[in-house]
Structure formats: C-alpha cells, structure tokens
Amino acid sequence: MRLQKYMALCGVGSRRKSEDLIRQGRVYLNGKQVVEMGTLVDPRNDKVLLDQKQILIPVEDKIYILLNKPSGTITSVKDPQGRETVLDRIGWKGSRIYPVGRLDYETEGALILTNDGDFAFALTHPKYQVEKEYYCIVKGSPKSKAVNRLRQGVNIGDFVTSPAEIKYMGSKNGNAEFRLVIHEGKNRQVRRMFEAVGHPVLYLKRERIGSITLDKLKPGFWRYLSKEEIIELVDSIGGTYKNGSF
Ligand code: URA
C-alpha cells in the first residue's frame with residue numbers, strides 16, 4: 001500500500017497530513033528518508049519511522065460477547081423488515097461485531113458475538129466439532145424408537161445428521177422435554193430432526209456452546225466472555241489463544 005495510506009492507518013493523521021510529513025523529510029522507510037510521494041510499503045515487513053519513532057497499525061481489540069438471545073429477535077446485523085436484531089438487543093455502538101452462527105427467530109439461548117474472524121470460523125467449522133447443547137420441548141411423547149433414530153442420525157431432507165446425544169428429561173402438559181447435544185449447525189437442524197420423527201419442537205433453547213454456558217444470564221441480557229472462558233473454549237478445539245486472538 002502507499003506510504004501515506006499506511007501512515008493514516010497508523011493514526012498519524014489524514015493522508016494529506018501524512019504527505020506533508022513526508023515532504024518535511026520526517027519519514028524514513030527501512031532506514032532511508034522518503035522523498036517520493038508514491039512509495040509503496042509492505043506493512044508486514046517494512047519499518048516506517050516518523051520523527052525517529054516506529055509507527056504501526058494498531059491491533060484491533062478483540063471483542064467476545066455472550067448474549068442470551070430472547071425469542072423474537074433476529075440473528076443478523078441488520079433486518080430489512082425492521083425487526084429487532086441481536087445487535088439492537090445489546091445496544092452495541094462500538095466497532096463491527098457479528099454473531100457466530102445463528103439461532104432462529106423463535107429460539108432462545110447462547111449466542112456469541114465477536115469481531116474475531118478466525119475464532120468465528122473455528123466455532124462454526126464442522127472440523128472442530130464444537131458441541132452445542134439444547135433444551136427443547138416437543139409435541140407429544142416420542143417413543144424410544146423415534147429417540148433412537150435421532151441418536152443414530154436422521155435424514156432431515158438434504159442431510160443425514162451425525163449421531164447425537166439425547167436425554168429424555170420428563171414431560172410437561174402432555175409434551176416431552178429433552179436435552180440434545182449436536183456438533184453440526186445446519187439451518188433449523190434441531191427443529192428438522194424432531195420434525196423428521198413426527199414430533200415438532202414447541203420450545204427451543206441453546207444452553208451451551210462448547211465450554212460456554214449461560215449460567216445465570218437471563219434472556220435478553222449479555223456479558224463479555226472472560227479471558228479464561230475464551231482460552232478454555234479455544235483450547236477445547238485444539239487452537240491457541242495468542243495476543244488476544246485465536
Ligand atoms: N436448531 C434449530 O432448529 N434452531 C436453532 O435456532 C438452533 C438449532
């Protein structure tokens with residue numbers, strides 16, 4: 001990139017101001033004073049000095065947020081239909097962050113928002129097998145044959161799910177409660193799994209993503225993930241957390 005653009009990204013001032021500084025002979029590139037205006041810089045390898053001090057592009061602070069998404073909020077940064085988005089819900093005014101994966105409009109529960117692209121990629125990539133745990137209430141009382149089909153993997157139309165952990169938790173007003181752990185994140189996966197065995201989901205909540213649990217976080221509320229939580233999550237998928245980033 002051009003030197004004046006690099007200088008502007010380092011926070012020295014506008015490109016015009018950076019050009020003035022170059023003209024004044026105050027800028028050195030790899031030990032040589034720069035006089036040419038169109039000089040190119042490789043930000044990873046070149047060393048730029050202004051008034052004998054090295055200038056660097058600041059590393060963007062990484063942000064990791066856990067939201068307990070309430071039902072009736074859309075997992076998106078913007079909604080053309082004007083519905084409340086998860087960003088509206090947390091009232092975020094800072095730098096660009098986005099949700100990792102998605103929960104349906106009606107689904108509640110754990111949703112991570114971040115500006116760390118590598119972290120978001122790893123959390124959603126099937127290779128890393130991050131567990132997602134859901135609590136759900138489904139219509140009627142599935143027989144053990146239906147539950148076993150879910151356990152072994154079921155055809156949901158365009159996809160056969162991997163084996164899932166599934167535990168019957170009890171019944172509520174003639175409907176059944178389950179806890180389900182899956183690794184995949186296909187669109188409406190849990191709903192489609194139960195539909196495939198004839199028991200539509202009536203209520204769905206994601207309670208855990210890997211080692212991150214909601215604990216006492218109420219629907220509609222959010223908090224920052226602690227450094228320990230991020231390290232544990234990254235570690236559990238075989239990555240390393242360095243300098244505030246995956
Ligand atoms: N599975 C679903 O069906 N919906 C969600 O929101 C998440 C997982």
Side-chain angles (χ1 to χ4, degrees), residues 65-79 81 83-90 97-114 119-140 142 146-169 172 175-215 217-222 225 233 237:
I65 283 174
L66 176 68
L67 168 70
N68 186 346
K69 178 189 143 351
S71 166
T73 302
I74 183 156
T75 307
S76 173
V77 172
K78 270 201 191 123
D79 182 42
Q81 294 174 42
R83 291 170 295 181
E84 183 184 65
T85 68
V86 288
L87 284 189
D88 297 333
R89 167 53 62 167
I90 62 177
I97 55 169
Y98 45 86
V100 180
R102 67 185 293 280
L103 291 178
D104 302 331
Y105 187 66
E106 317 83 27
T107 304
E108 280 183 28
L111 183 74
I112 293 176
L113 296 106
T114 186
F119 176 80
F121 176 79
L123 277 197
T124 48
H125 198 288
K127 177 172 119 185
Y128 292 103
Q129 300 264 309
V130 177
E131 288 188 347
K132 267 97 48 180
E133 182 168 336
Y134 294 89
Y135 165 80
C136 53
I137 303 177
V138 307
K139 197 161 186 315
V147 177
N148 279 334
R149 279 182 65 205
L150 295 173
R151 205 166 265 138
Q152 282 153 18
V154 67
N155 191 332
I156 56 169
D158 53 353
F159 183 76
V160 177
T161 59
S162 299
E165 273 173 50
I166 176 160
K167 194 167 167 206
Y168 175 70
M169 304 300 294
K172 216 174 192 174
N175 299 312
E177 296 171 286
F178 286 94
R179 268 222 156 81
L180 178 79
V181 179
I182 57 174
H183 301 104
E184 302 137 323
K186 295 282 171 207
N187 190 25
R188 299 180 75 85
Q189 180 163 336
V190 177
R191 292 177 196 276
R192 285 156 75 200
M193 285 170 73
F194 278 100
E195 257 156 41
V197 297
H199 295 274
V201 167
L202 303 174
Y203 172 80
L204 183 59
K205 177 177 191 174
R206 181 156 69 192
E207 296 196 319
R208 179 170 67 85
I209 303 168
S211 48
I212 307 290
T213 55
L214 285 171
D215 286 330
L217 197 62
K218 298 220 165 62
F221 286 76
W222 65 276
L225 292 178
L233 181 57
I237 54 179

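Both counts, for ligands and for their atoms, begin at 1 and track the order of listing.
- Using modelled atom types, one finds no donor on one side chain facing an acceptor on the other under 3.5 Å when comparing E184 with T161.
- Some N or O of D104 is nearer than 3.5 Å to an N or O of ligand 1, by distance alone.
- Counting heavy atoms from C-beta on, the side chains of I97 and T114 never come closer than 4.5 Å.
- For I156 against R192, the heavy-atom pair with the smallest separation is O-NH2, 3.2 Å.
- Atoms of ligand 1 lying under 4.0 Å from at least one heavy atom of Y134, given by number and element, are 7 (C), 8 (C).
- Here is the list of ligand 1 atoms found below 4.0 Å of a heavy atom in L103: 6 (O), 7 (C).
- No donor-acceptor contact under 3.5 angstrom links the side chains of E177 and Y203, judged on distance only.
- No N or O atom of R192 sits closer than 3.5 Å to an N or O atom of ligand 1.
- Considering backbone and side-chain atoms alike, L204 places every N or O at 3.5 Å or more from each N or O of ligand 1.
- Remark: ligand 1 and T107 share an N or O pair separated by less than 3.5 Å (distance only, no angle test).
- Among all protein heavy atoms, the one lying closest to atom 1 (N) of ligand 1 is V190 N, 3.1 Å.
- A heavy-atom distance below 4.5 Å is found between the side chains of E131 and R208.
- Each of the atoms 1 (N), 2 (C), 3 (O) of ligand 1 lies under 4.0 Å from some heavy atom of Q189.
- Between S76 and L87 the shortest side-chain heavy-atom distance does not fall below 4.5 Å.
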